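What follows is a short report on a single structure.
Atom set for the values below is all heavy atoms of this structure, side chains included, hydrogens, waters and symmetry mates excluded. Note that the structure is a prediction, hence the values are computed from the model and not measured.
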Amino acid sequence: MDDVDIEDAVVVEAASSDSRIDRHNSPKVAVNEHFPVGSSVSTVTEAMMRVGEDLDTPEVGRLAPDTICTVLQLGIGPLGRRLKVRCNATSKEGWISCVGKGGNVLLKNLTPPDLGSQMPAVSQDALSSAPVATPPTARGGAWLAAGVTAALNRVLATVRASVRLQQAVTMKDRLCWRCQAAKRARLLTPEQSAELEKRIRGGLDGQADEVRDILDGLGVPPAPDEPMQAGSPQWTCVVCHTQQRTRGWRCPFRHRFCRACMVKWTEAVPLPNCPQEGCGYRLGEHDLEDLRVPKSRIEAFRTVRLEEGLAALQEEDSESQVKVLRCPGASCGAAVVCGEARRRWACACGAPPACSACGVTPYHYHGRCSEVQNLRARWLAWLQGGREAYKGLERRAVREATAQQKALKEALDRNAEAEQDEEWKAAHCRLCPKCKRPVEKVAGCNTMVCGQNTHGGGRQAGCGHRFNWKEAKPYKAGPAAARPSAAAARQSLARKGALSGRGVRHLFAQCKLCGVADKCIVGPRFRCIHCQDFSCCMKCEPRLASEHPEGHVFEILFEDELDWSTIGVPLPNGIRARVRRRASHLAPDSMAAMVDEEEISGSRGRKRGRTDDIAGLEGVLRGQRRGRYVLELPDGVGNKLISPELLQPLLTQKQAERLLASGAIANADAMAAAAAAVSA
């Protein structure tokens, strides 16, 4: 058997040379062989990952630019462009192309070349056909030298391809930076800048050259790391002390540094300034963009600058004191400078709106800032037992008022019966001259015997004195049994209205849960301070826990906030009205402004006093005196002069609307004023 040179079975081609070693017409080395199995690659542009090597197989997903993958298998297609990779971020596996249809490179090799891995592979058939005898030393040395040379050529080709790829990526980054710089200088519109960047990322060298010509024509300066023009002198970076052939970065005072040193400097210092000793220039956001630092570093720079500015605004020694409100969002550092007026501020991050005066979230439409904490404490107390206590007091008040009213009615009935008895005795009886007992003449002559009939029989209590009927004195009606006093009657009525909010009608305020639009809330009104217009009644209040946003605080209103004295509508006679426990715009002790007039018809000489004890009582309006309304209380309690701001007419929603729309008002805006007074 003739000797067979193993080199004849090995076919190698360097990617950077048109010459090839092809003694048996073997095919070229495929492009995908520049990305060995197990190496790490990075996508240059967006890449499509498919299930199989063929382009008509189903899609697995898209890989974004700069996605790092691991090569699993090389394709065997005729073009040699396909690779099977695994995405390091998602662990998805699929086939992608390493070169585009236009010849543009789609992948970047991140693994440094290894001489051992680049040695040419020898096929098993070639080894089996080789002679068993050991070749001569000279021939073996020649074979080894040829294999090493081929491996070195392949390594060199791979390095050159990687360098060219890296240069292409860097060139595109520089051009994109110049587009952004032109947009900041308003040489390009945002749409034009986006269109140029799209052409740069397209991958065709001709388009990149076209964009470069456009930017040069606009006068956009080159990037700091872009090589200087031919013939320009070299300069030395004072930080790294190396000769530089790039433009570098310069501050306004002409201090010059290389881009690599400046990028490291910006990463090491939160608020970097010029590295030159004694230079006070502080880098701005545009300087970081010129250096092409990562976006995360620019965001961190903005955050630090914001914090520095806010700290300067809040310094105690600052001449102009302003209030800075920070966004309540956990991951948002936005802030706003607030004035003196209370306003609603909502951050663009989607955090709940806050009050610019007190910072409470959510924003409170109702209640002063100083009252929010007290309202929250009262609402919490209501939820933790106040509701049950109120209902218990309500039942107790009803029982006590009913019992008191019954006892008062019985006393009045007895008094009326005693008065009728006295009137009858005055008309039919005369007094015994001796014991002064009343004696009734039923029939017969005028001779009378005290305690019995004149001719005997019919014995009763009496002294037995004989007298003449005509000569006896007539019986005069005396005072009947003790009549219940006005104070007792007021106490009985007070028990009826003793519970706060009982019977109060909140005009023009409807319950949002009941769904009845033409009826006002009667009784305690629960108004959400965080909603612009949301109220509910006592019956629907337990539903708030499941049908209203959690964390909202409700203000419990036991009195109607509509003040009829400010609307300018006189209340007609004959309507029922109620005495407020407190005026909506007056201090609680303003009840002393009421003037007590016990039974105005016959009490001018009586001493007038304060009537704080009639708060919550109901009566009928009987006119006006001295700018106050005359309120007639039931059960003979008497009349009261009540200030207009302390009086609430007991009207239905429709009655109130008719009263406001009647001819009693001069302006047509009274309805709007009333509704505004309730919602304010």
Side-chain angles (χ1 to χ4, degrees), residues 393-394 397-398 400-401 404-405 408 484-509 520-525 556-567 569-601 603 606-652 655-656 659 674 677-678:
L393 290 176
E394 185 178 23
V398 171
E400 292 182 354
Q404 190 74 14
Q405 287 288 329
L408 180 62
S485 63
R490 284 201 304 270
Q491 183 180 6
S492 174
L493 293 176
R495 289 182 179 275
K496 197 172 184 179
L499 197 62
S500 297
R502 181 177 175 81
V504 177
R505 299 183 182 181
H506 301 270
L507 298 175
F508 307 106
C520 62
I521 296 177
V522 179
R525 172 189 172 192
I556 307 176
L557 301 176
F558 295 105
E559 291 292 342
D560 183 21
E561 290 191 331
L562 180 59
D563 187 359
W564 288 82
S565 63
T566 61
I567 300 178
V569 178
L571 301 177
N573 295 340
I575 66 171
R576 293 184 58 79
R578 176 181 173 276
V579 181
R580 293 177 181 268
R581 292 190 176 277
R582 63 176 180 87
S584 59
H585 63 284
L586 297 178
D589 59 354
S590 62
M591 296 296 294
M594 294 189 304
V595 179
D596 183 14
E597 188 167 327
E598 297 280 357
E599 300 180 357
I600 291 178
S601 59
S603 60
R606 297 185 182 181
K607 183 178 180 180
R608 297 174 181 176
R610 296 174 59 180
T611 57
D612 296 349
D613 57 337
I614 69 168
L617 300 188
E618 301 176 2
V620 181
L621 295 183
R622 298 303 183 186
Q624 297 187 27
R625 285 192 180 184
R626 299 190 296 276
R628 295 181 178 88
Y629 286 97
V630 179
L631 182 66
E632 180 184 1
L633 299 176
D635 298 331
V637 175
N639 298 336
K640 298 288 181 181
L641 287 180
I642 310 296
S643 298
E645 63 271 11
L646 299 174
L647 201 64
Q648 181 199 15
L650 299 179
L651 304 173
T652 63
Q655 290 174 344
L659 179 60
V678 173

(request) Identify the two heavy atoms, one from R628 and one from I642, that lie closest to each other, and give their separation to 0.1 Å. (result) CB-O, 3.3 Å
(request) Please report the closest heavy-atom contact between L621 and P572, naming both atoms and the distance. (result) CD1-O, 3.9 Å
(request) Look up atom OG1 in T652 and atom CG in L659, then write down how far apart they are to the nearest 0.5 Å. (result) 10.5 Å
(message) Give me the atom names and distance for the closest heavy-atom approach of L631 to V579.
(response) CD2-CG2, 3.5 Å
(request) Sequence neighbours left out, what passes side-chain contact (heavy atoms from CB on, under 4.5 Å) with P649? Give chain and number order. (result) W564, L571, I575, L651
(message) To the closest 0.5 Å, what do you measure between CD (Q648) and CZ (R576)?
(response) 12.0 Å
(message) Looking at R505 and L650, would you say the former's side chain and the latter's main chain have a donor-acceptor pair under 3.5 Å?
(response) yes
(request) Considering non-hydrogen atoms only, spot the tightest contact between P644 and D563 and give its length. (result) O-OD1, 4.4 Å
(request) May I ask you to decide if L646's main-chain N or O and S643's side chain share a donor-acceptor pair within less than 3.5 Å? (result) no
(request) Check for a donor-acceptor pair, side chain of H506 on one end and backbone N or O of E561 on the other, with a separation under 3.5 Å. (result) no
(request) Identify the two heavy atoms, one from L633 and one from K640, that lie closest to each other, and give their separation to 0.1 Å. (result) CD1-CG, 3.9 Å
(request) Grab the two heavy atoms, one from L507 and one from A656, that are nearest each other, plus how far apart they are. (result) CD1-CB, 3.9 Å
(request) Please answer whether the main-chain N or O of R580 pairs with a side-chain N or O of E559 as donor and acceptor at a distance below 3.5 Å. (result) no
